[in-house]
Peer 1: 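Here you go, one structure.
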Amino acid sequence: DAGVIQSPRHEVTEMGQEVTLRCKPISGHDYLFWYRQTMMRGLELLIYFNNNVPIDDSGMPEDRFSAKMPNASFSTLKIQPSEPRDSAVYFCASSLSLGDQPQHFGDGTRLSIL
Amino acid sequence: DQQVKQNSPSLSVQEGRISILNCDYTNSMFDYFLWYKKYPAEGPTFLISISSIKDKNEDGRFTVFLNKSAKHLSLHIVPSQPGDSAVYFCAAIGTYKYIFGTGTRLKVLA
């Protein structure tokens, strides 16, 4: 079975540009999560979806960040306009439920904003 | 405020010895706790979990202990192997909440 697939693996762009990160969850998983990893804060949950509906977006840093899940097999995280402090590794994960079911992570997108 | 804390950013252990990774939390309403392991350039992978109604769970070389009164959990790896060198994250799950710690980098020396 394919795991969680993220694209691109690396993104380098200039400040002010729009950035779109993509995620394909594991088929059959009802929950999808977006995380940002930084040295200072570790893995921060940005937003998560249940059955394509956003449940908790309290971790989204500001209005420049938005996430969508138009169907069960695809989600995007968009940053517009991007800033150098957005540079980080962004992970997508999916799971069967929110309880003790583990999350399955993609390999991440390393984002560098110049 | 960080509800889940891993106060040791790094730990070095000799091969064959025990590795003990610690995690503290502030919210007594968490229902489950999980440990993940992360290698460079890869996403975290699930290692072991424990329900808040238990105080110990074991899986091979990995054991997680939960002390609810102290709001503390720990992961024991015995014996430690060089392949265990990675960053370890603890995570706590409550109602609609899934919170990770900042991670501890474990280095197992051959």
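Since we're looking at a predicted model, the values are computed, not measured. So you know, we letter chains A, B, ... as the sequences are listed, proteins then strands, and number each from 1.
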Peer 1: Please determine if A/Arg22 and A/Glu11 form a salt bridge, counting it only when a charged side-chain N lies under 4.0 Å from a carboxylate O.
Peer 2: no
Peer 1: With a 4.5 angstrom heavy-atom cut-off, could you sort out which part of A/Thr38 is near chain B: side chain, backbone, both or neither?
Peer 2: neither
Peer 1: Please state whether the side chain, the backbone, both or neither of A/Arg9 comes within less than 4.5 Å of a heavy atom of chain B.
Peer 2: side chain
Peer 1: Could you look at A/Gln103 and say if it's the side chain, the backbone, both or neither that has a heavy atom under 4.5 Å from chain B?
Peer 2: both
Peer 1: Near A/Arg64 CZ, under 6.0 Å, is it more than 12 heavy atoms from other residues, nucleotides or ligands?
Peer 2: yes
Peer 1: How are the rings of A/Phe105 and A/Phe91 set to each other: parallel, tilted or perpendicular (split at 30° and 60°)?
Peer 2: perpendicular
Peer 1: Contact part of B/Phe33 toward chain A, heavy-atom cut-off under 4.5 Å: side chain, backbone, both or neither?
Peer 2: neither
Peer 1: Is A/Leu45 in contact with chain B via its backbone, its side chain, both, or neither, using a 4.5 Å heavy-atom distance?
Peer 2: side chain
Peer 1: Using a strict threshold of under 4.0 Å (side-chain N to carboxylate O), is an ion pair present between B/Asp84 and B/Arg61?
Peer 2: yes
Peer 1: Give, as side chain, backbone, both or neither, the part of B/Tyr32 having an atom under 4.5 angstrom from any heavy atom of chain A.
Peer 2: side chain
Peer 1: Heavy-atom cut-off 4.5 Å, strictly under: side chain, backbone, both or neither for A/Ile55 against chain B?
Peer 2: side chain
Peer 1: Evaluate the ring planes of A/Phe33 and A/Tyr35, with Trp represented by its six-membered ring, and classify them as parallel (under 30°), tilted (30 to 60°) or perpendicular (over 60°).
Peer 2: parallel
Peer 1: Where the side chain of A/Asn71 meets the backbone of A/Phe74, is there a donor-acceptor pair that is under 3.5 Å apart?
Peer 2: yes
Peer 1: Under a 4.5 Å cutoff for heavy-atom pairs, which residue among A/Asn50, A/Asp56, A/Val4 has the most contacts with chain B?
Peer 2: A/Asp56
Peer 1: Classify the ring geometry between A/His29 and A/His104 as parallel (under 30°), tilted (30 to 60°) or perpendicular (over 60°).
Peer 2: tilted
Peer 1: Answer with side chain, backbone, both or neither: which region of B/Phe89 has an atom nearer than 4.5 Å to a non-hydrogen atom of chain A?
Peer 2: side chain
Peer 1: Just give me the residue among B/Pro44, B/Gly103, B/Ser49 that pairs up with chain A most often, heavy atom to heavy atom, under 4.5 Å.
Peer 2: B/Pro44
Peer 1: Give, for atom CZ of B/Phe65 and atom NE2 of B/His72, the distance between the pair rounded to the nearest 0.5 Å.
Peer 2: 10.5 Å
Peer 1: Pick one of side chain, backbone, both or neither for A/Met40, based on which atoms fall under 4.5 Å of a heavy atom in chain B.
Peer 2: backbone
